[in-house]
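All figures in this text were calculated on a predicted structure; none of them were measured in a lab.
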Amino acid sequence: MKALEERIKQDGVVLSGDVLKVDQFLNHQMDPDLMFEMGQEFAHLFQNQGITKILTVESSGIAPAIMTGLQMHVPVIFARKQKSLTLTDDLYSSSVYSFTKQTENQITVSQKYINADDKVLIIDDFLANGQAVFGLIDIAKQAGIEVAGVGIVIEKSFQPGADKIKAQGIHLESLARIKSLADGKVTFMDEQ
């Protein structure tokens, strides 16, 4: 998605050889127009696949997931990272390690919102090692539901997450695929 790649080049900040900060438009301050375009693109990429729900993890995956749900006219469910007084019983849960925050989180989804008849599309903001996506896949397996695909806003193709997902035979689509963050510069897979 060229508009996303241009925005990453314009406003993304490379903090190290493997960390890209995009808080100006994706995961702190959000650009609603860009989010809407991303939702349209994900809806196009995963059309006609019988998707009944979109599954993401809080919090940075919520905005692109909502915009995709809006385009596909399906509900969006987000896995919670924090314990809630209102979400205590009948939960699917999985343990997820966050490389960026250097913490382990237990993510949870109420059994009330997904069932064996569902076919989910997983949406997330970043894909590096794949921990969040695999946590969501684990929850889908616990619920006995089919994962129709995984949509990622920004894939760090130089890290193993994408290959691990594809190795499981899961349809993966990433809107921006980064080849390298070397020398403080973003290089996309389609660039020389």
Using the side-chain contact (heavy atoms from CB on, under 4.5 Å) rule, pick out the option among [options] that qualifies with [X].
| X | options | value |
| --- | --- | --- |
| Lys21 | Asp11, Val14, Leu15 | Leu15 |
| Ile152 | Ile122, Val133, Leu175 | Val133 |
| Phe46 | His171, Glu41, Gln71 | His171 |

Original post:
Is it true that a side-chain atom of Thr68 and a backbone atom of Ala43 form a donor plus acceptor pair closer than 3.5 Å?
Top reply: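 Checking the backbone N and O of Ala43 against the side chain of Thr68, no donor-acceptor pair under 3.5 Å is found.
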Original post:
Okay, side chain of Lys53, backbone of Tyr113: is any donor-acceptor separation there less than 3.5 Å?
Top reply: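 At least one qualifying donor-acceptor pair exists.
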Original post:
Does the salt bridge (charged side-chain N to carboxylate O under 4.0 Å, His left out) test come out yes or no for Glu58 and Arg80, once each step is laid out?
Top reply: CA-CA 6 Å; Glu58 69 175 344; Arg80 293 181 177 258; 5.4 Å; no
Original post:
Does NZ belonging to Lys141 count more than 12 external heavy atoms closer than 6.0 Å?
Top reply: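 No - once you tally the heavy atoms of other residues, nucleotides and ligands closer than 6.0 Å, there are 12 at most.
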**OP:** Report, as yes or no, whether the 6.0 Å neighbourhood of atom NZ on Lys112 holds more than 12 heavy atoms from other residues, nucleotides or ligands.
**Re:**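 No.
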**OP:** Answer with yes or no whether the side chains of Ser94 and Gln106 bring together a donor and an acceptor at under 3.5 Å.
**Re:**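 No, because no side-chain N or O of Gln106 sits under 3.5 Å from a partner of the opposite role on Ser94.
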Original post:
Going through the distances and angles, do Lys9 and Phe188 end up as a side chain to side chain contact (heavy atoms under 4.5 Å, CB included)?
Top reply: CA-CA 10 Å; Lys9 286 210 175 226; Phe188 294 100; 3.5 Å; yes
Original post:
Taking 4.0 angstrom as the limit, do Glu5 and Lys2 come out as a salt bridge?
Top reply: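 Answer for the salt bridge query: yes.
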Subject >> Minimum heavy-atom distance between Gln159 and Ala128, given as atom pair plus value >> reply: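 Scanning both residues completely, I find the closest heavy atoms to be OE1-CB, 3.1 Å.
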Subject >> Leu20/Ile178 under side chain to side chain contact (heavy atoms under 4.5 Å, CB included): CA gap, chis, key distance, verdict >> reply: CA-CA 10 Å; Leu20 174 65; Ile178 296 175; 3.5 Å; yes
